[in-house]
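Here is the structure we will look at.
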Amino acid sequence: MPISLQVNGERVEANVLPRVNLADFLREHLKLTGTHVGCEHGVCGACTVRVNGEIVRSCLMLAVQTNGTSVETIEGISDSGEIADLQAAFRDRNALQCGFCTPGMLMAAQDLLQQKREPGRDEIREHLSGNYCRCTGYQAIIDAVESTARARMGRTP
Amino acid sequence: MTSVRVNPDALSVLDRPNSYIGKTVPRPNLERLLQGRGLYVSDIELPRMAHVVFLRSPHAHAKIVGIDAAQARAMPGVIAIVTGQELAAVITPWVGVLSHLKGLKSAPQSAIAIDRVCWQGEAVAAIVATSRAAAEDAAEHVAVEYEELEAVTDMRTALDPATSVIHASLGDNLAFERVHVAGEVDQAFADSDEVVETEFIFGRHTGVTLEPRSVVADWNAAEARLTIYQGTQAPHMVQNIVALHLGLREAQVRVVCKDVGGSFGIKVHIYADEMATYALSKLLRRPIKFVADRVESFNTDIHARDHRCRGKIGVKRDGTITAFEIDDLTGIGPYSMYPRTSAIEANQVVNLVGGPYTSKNYRARARVVFQNKNVMCQYRAVGHPIACSVTEGLVDLAAMKIGMDPLEIRRRNLIADDAYPCGSPSGLRFEKLSHHASLAKLVKMMDYDALRAEQAALRKKGIHRGIGIASFIEVTNPSAAFYGVGGAKISSQDGVAVRLDAQGSVICATSITEQGQGSESLTAQIVGSVLGVSTDRVRVILGDTDMTPYGGGTWASRGAGIGGEAALQATKILRKNILDVAAVILQSTPDELDIANNAVVNASDGAPRIELNELARVVYFRPDTLPPGIQPELMATKHFVPREYPFAFTNGVQASWLEVDTETGFIRLLKHWVVEDCGTIINPQLVDEQIRGGVVQGLGAALFERCIYDERGQLTNANMADYLVPMSGEMPDIDVGHVVSPTLESELGAKGAGEAGTAGAAAAVSNAVNDALQPFGVTITEIPLTPQVVLTALGRV
Amino acid sequence: MKAAAFAYARATSVANALDLLAAHGDRAKVLSGGQSLMPAMNLRLISPELIVDIGELTELRGITVRGDVLVIGALTRHVELLKSPDIAAHAPLLVDAVAHVAHPAIRNRGTLGGSLAHADPASELPACMLALDATIIVRGPGGERRIAAEEFFTGIYETALAPQELLVAIELPVAKKGSVHFFHEFARRHGDYAIAGLAAQASIDGGRFAGLRLGFFAVGDRPLLANAATRLTGVEVSAAVLTEACAALDAELDPQEDQQASPEMRRHLARVLLKRGVAALLGRPELGAGATT
């Protein structure tokens, strides 16, 4: 099926089989391999991307469903500088080890920070509770999101 | 992080101005991972690459009567369908035994099952196609006729004469047995005021690396070389084994390991489906990609910890522990894994039980049995959580029996901090541990007395909180004693090659690997510190058997202690070589010179003499300006292996503070503390995060994780929705503290820290739950501590 | 694991969707938010021949108040329920419930209609429909049918919806002044399916329940509107009355066994929920404190 969409601000015209999900479309057709596939049944959160500004599991969406939408991946929001501060906080706090969950985790964290200016630790934990991380034990991630929120409020982290 | 150094050394090469040792330095590889620019195996695509999907047995135990792939072969995109028999033409079978585990036996295992499948999930055919989806489509049309055989599933009856024997050639289902006796156990129990005995049950669980196991194997027929892209912890081990079983020389095999999406011991083994992928590439003369999907990950990634262990402790009224006794039983699936074997965990349990304590009376038996379930093998903190839960559970039960505070009984029995070196009843040798300093620090960090007061006040209101303490020892920095002595070709050495490039930066190739622990960072920190250059001038190369020195890799908490020491020693030589040349150029002597801030400086006053890039320019491009006969050597290589102690033991203690809803059985973790002693700390942040990550894996075992098999050997929760791992919402904040007792085996003094968190977390939680439930007179010695388990113990359901 | 091949049709109107369903019957599957359908397809647990994507049917969107009736379109996503001022004002129970449904990325796609039509006995919204006395509106070849929530859920993943029908909206009476609600579920982790849960809507007059609707979930093959509520309505609720109600509830339950809980445990947790729910609704913590056996 022909589809037409924006991916990271670029126009993309493609022909896809209906069964191709958005995660595979991004990774295999567009070679945007920053979107990771950890379970393919919507649980792990590694494939989280934004569609029309909202985070979704890209393994639970067909590529054909993205016709006419704007899709943003980790590559896009890295290059735009939108989450440079969040990424710096993750780096400084070592809030990633193997890095496989990180793109999805950053997507989910930025989603929270856009909705809530200064979330508490419990709110951060809850918002990220659908994103698996097997390495960090989560605390460093919570710390990094918390300090980014504070910094964005103009306070010292 | 806070730390106490208990035996400060004299100034070493590490205590230099601008040293990075002991400092938090961000990891150099983080940016690419943060921006989605990493390169995991699943991201790799090669020209002519095909995808393999394995058709897997739906039965736990069955004879393969016939395979009909005719219809599937005709399907779109299908390149080949290969059976075990066909693949056997290019790959030989293997047997997972080691000679130092006396009596360990196993049966030959093939890359793809040939006549018989022995667990649900064992591959029976490989479907190679142009895409994963096409291969899956075809797999649905491969008809396999099975004749179901009796499945041996319950480890408790695996040795019964009435139970069928999985491998007739082995005679029975007993893979391994070890008995160990030390001291006068019966006499000690007889002399005890109280003896407590109970059974501890541990759920079978698995690693759930977020990136599934993945391989791209590329046989270049023209070069007669196989390049393997794989997220492995031990590239040289893979190289050796692939060469052995595919009939190649090691030089014909290159293993490349880029970014790895989690490993935790899952990716340190040789899996049948990975062997099949290598062989398929050779057979089909093209690159083949295998990426396990999540369901096959649950069915084929090694499982661990399926133990039932009877434990017994004797104690005197004054708190003196008189003896420990255990009888451990574990089921490992149908084969002992290759090449590390599946007897190591039970062997570790025997080694480690009672390890922190002074009692010399110890009797242990461990039996390892075959069953028709997925294979079990080494996963993070091998054996430690079992040994620690049994030991610390027994110690708490003994304390409860004699009415002593859990802290007090530990104070009275932990090996004294000044008693080292010493040995354990199981024959372990301890160089230097710090149980008492660690416990004292933990008590302070958690404000134990205040917590006890809070607990008592809340209990009056019907709120049931508990405190659990768990001391532990941890095996790190393994020498050849782990595998080499048993005949496995797994290097216990690690090597590092450092060279100064033509612009004065350092290229450092190390045989340890990176799966997120920070191997790259710690190597750069050591090289930068020893040499006197900033870490941004150090480029670390890892994970490529063509490019790095030969070595073991990263497992068993050996990267920092062994690979780090190799980096230190190699860099010392490079530093000397640089100073030798600098002395010539500067018409000085090496002793009068030093290197700091990327320049050769005066040792006396630190005044800069020549920038390293200038020195490199002279050496590489204008050696004609050097005096006759000078042959500068700006590259150095060193290897290191611990020789004095077979393992560098570390120690630590954990505490858990939690609340049990005694109406619902739900447990809420409120806080967790860890104090550990890994010797010299190279990067405090990396150590703390290893500890935290390890704790949470231990908490997963304590509360959530379990592979649930039915009586027919079917894994019934092989997906992420039904197999529960810890998530951010339920995990507590974890405070980490350190005591520092460097090992004197190396100049670096570093021991490992990767297992410590996992080793004691479940024990601390179990003890805290039992502490919370004291008013109900209930103790639970089973994990995971699900609401169902808690409510059942409380008699509510 | 990749979904098996299927044909895909993007419905252009409800009528068009109904035509497609009529032509293909149960070989077709309706794709709404896809948050339950896609995992099942990726795992090849189901392999429909045709996917009818209703995602672009704007006529199925929207939350409107018509007099004392709240109308919610089937394509209303969980996130919209969570953020809608109309829902907060007129059906606040739904806000509490939706916060327990999975995770933000799922709630951004999952729809009310999809959740109800999927009818997972452990999911939150079906039980809310019972508690809120909802009417489910479906359209089929024969026109529109209005089905009381109590009649809609018929078993595990089973509803009164025929394969040729489409769930288009639900209607709820707006919450009356002075009404109160309670939502709680016991789940192993944030966002997991519940082991047992209760969605309750009540009106209170003089410290007594004037009306009480108790929607239990995950304690049977479908959500349960508990008759035990009648024992608590119009009377002074004492510990003894509550114990009686618990016994009555127990007789109504037929819980299933799964990996998380035995039937006995589900019965026990349902009783705990009833006590805690009643205590919270009446603002009398002492009622929820005692041991439940």
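Chain naming here is simple, since letters A, B, ... match the order of the sequence lines and numbering starts at 1 in each.
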| request: Can you establish whether the number of heavy atoms outside A:R117 located under 6.0 Å from its atom CZ is more than 12? | output: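 For A:R117, atom CZ is not crowded (no more than 12 foreign heavy atoms under 6.0 Å).
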| query | For B:K258, does the NZ atom sit with more than 12 other heavy atoms under 6.0 Å from it, leaving out its own atoms? | reply |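 Counting neighbours around NZ of B:K258, 12 or fewer heavy atoms of other residues, nucleotides or ligands fall under 6.0 Å, so no.
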What I want to check is whether the side chains of [X] and [Y] have a donor and an acceptor closer together than 3.5 Å.
| X | Y | value |
| --- | --- | --- |
| A:Q139 | B:E689 | no |
| B:Q35 | B:E31 | yes |
| B:R27 | A:N94 | yes |
| B:Q233 | B:T554 | no |
| A:E82 | A:Q114 | yes |
| A:S58 | A:R27 | no |
| A:E75 | A:T73 | yes |
| A:E72 | A:S70 | no |

At a heavy-atom distance under 4.5 Å, which candidate from [options] has the highest pair count against chain A?
| options | answer |
| --- | --- |
| B:S42, B:G38, B:G757 | B:S42 |
| B:N29, B:D43, B:V696 | B:D43 |
| B:V295, B:L30, B:I691, B:L210 | B:L210 |
| B:G231, B:S263, B:S297, B:G261 | B:G261 |

Atom group of [X] that falls short of 4.5 Å from chain B, counting heavy atoms:
| X | answer |
| --- | --- |
| A:L96 | both |
| A:R19 | side chain |
| A:V37 | backbone |
| A:S78 | side chain |
| A:F100 | both |
| A:E40 | side chain |
| A:D143 | neither |

| query | Quick one: OG1 on B:T535 to NZ on B:K23, what's the gap to the nearest 0.5 Å? | reply |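 Interatomic distance, B:T535 OG1 to B:K23 NZ, rounded to 0.5 Å: 11.0 Å.
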| message | With a strict 4.5 Å heavy-atom criterion, list every residue of residues 725-733 of chain B that contacts chain A, or say none. | response |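 Contacts with chain A: B:V725, B:P726, B:M727, B:S728, B:G729, B:M731, B:P732, B:D733.
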Where on [X] is there a heavy atom nearer than 4.5 Å to chain A: the side chain, the backbone, both, or neither?
| X | value |
| --- | --- |
| B:N719 | both |
| B:V260 | backbone |
| B:E211 | both |
| B:Q690 | both |

Just so I understand: if I count every heavy-atom pair under 4.5 Å between each of [options] and chain B, which residue has the most?
| options | value |
| --- | --- |
| A:P103, A:G38, A:A95, A:A88 | A:G38 |
| A:C101, A:S129, A:G42 | A:S129 |
| A:R121, A:Q87, A:R125 | A:R125 |
| A:G137, A:C39, A:C98 | A:C98 |
| A:I142, A:D24, A:D92, A:T35 | A:D92 |

| request: Would you name the heavy atoms of B:T209 and B:G262 that are closest together and state the gap between them? | output: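 B:T209 and B:G262 have their closest heavy atoms at CG2-O, 3.3 Å.
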| query | Of the non-hydrogen atoms in A:T136 and B:R692, which two are nearest, and what is the gap between them? | reply |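 Smallest heavy-atom distance, with atoms named: O-CB, 3.8 Å.
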| A:R50 bridged to A:D111 by N-O distance under 4.0 Å |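 No, no charged N to carboxylate O under 4.0 Å.
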| If you measure from the Lys or Arg side-chain nitrogens to the Asp or Glu carboxylate oxygens, is any gap between B:E136 and B:R132 under 4.0 Å? |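 Between B:R132 and B:E136 there is a salt bridge, with a charged N closer than 4.0 Å to a carboxylate O.
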| field | Close aromatic pair by centroid cut-off 6.0 Å: B:Y379 and B:H205 | value |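 When the ring centroids of B:Y379 and B:H205 are compared, they turn out to be within the sub-6.0 Å range.
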